[in-house]
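Report on the structure given below.
Residues: numbered from 1 along the sequence shown. Scope of the values below: all heavy atoms of this structure, side chains included, with no hydrogens, waters or symmetry mates.
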Amino acid sequence: MKLKMNPFFTSASGKLDPSHDSENMCFTLNGKTYSRKLCNPRNLTTNPYSTDELQRHDLFKRAWQAVAAIVADPDTYAQALARYKANPGKYNSLRGFLFAEKYKELKGE
């Protein structure tokens, strides 16, 4: 992992300490490395997920599973790619486009 940091540091590389807490994270997305810190973590023992939140979690998971199924099948992948190319500009990636389609479909809109 390689990071570009503030002017005091030119670069850093290596792994995070395995004992590092889950509130500080580094990840790479589209070739860029980002870091983040979760400032106000949710305490699930005192503030558990509501029924609506659990339904949204399930909907999100099912939408990504549908995207994975589309990408895995060459025929549906080709059709989805044609739809994506026909609607340029709004989505940066095919997977994002497919997720939006499936999420809307599963939501019933």
Same apolar cluster (I L V M F W Y, side chains within < 4.5 Å links), Phe60/Leu54: no
Counterpart residues, ring pair (Phe, Tyr, Trp, His ring centres under 6.0 Å), relative to Tyr49 (two or more places apart): His57
Considering all heavy atoms of both residues, which atom of Thr76 and which atom of Ile70 are nearest to each other, and what is their separation? OG1-O, 3.1 Å
Identify, with sequence neighbours excluded, every residue that meets side chain to side chain contact (heavy atoms under 4.5 Å, CB included) alongside Asn40. none
List in chain and number order the residues that pass side-chain hydrogen bond (donor to acceptor under 3.5 Å, both in side chains) with Thr45, two or more places apart in sequence or in another chain; answer none if no residue qualifies. Asn43
Set of residues satisfying ring pair (Phe, Tyr, Trp, His ring centres under 6.0 Å) with respect to Tyr84, sequence neighbours excluded: Phe97
Output all residues satisfying side chain to side chain contact (heavy atoms under 4.5 Å, CB included) with Ala63, sequence neighbours left out; order by chain, then residue number. Phe99, Lys102, Tyr103, Leu106
Listed once per pair and sorted, the salt bridge (charged side-chain N to carboxylate O under 4.0 Å, His left out) pairs that draw on residues 41-56, sequence neighbours left out: Arg42-Glu53
Could you tabulate the donor-acceptor pairs under 3.5 Å formed by side-chain atoms of residues 87-94, not counting sequence neighbours?
residue: Asn87; atom: ND2; partner: Arg83; partner atom: O; Å: 3.0
residue: Ser93; atom: OG; partner: Gly96; partner atom: N; Å: 3.1

Got a sec, which pairs hit salt bridge (charged side-chain N to carboxylate O under 4.0 Å, His left out) with one end in residues 57-68, sequence neighbours left out? Asp58-Arg62
Pairs meeting criterion salt bridge (charged side-chain N to carboxylate O under 4.0 Å, His left out) with involvement of residues 68-81, two or more places apart: none
Taking side-chain hydrogen bond (donor to acceptor under 3.5 Å, both in side chains) as the definition, give me every residue that meets it alongside Arg95, ordered by chain and number, with sequence neighbours left out. none
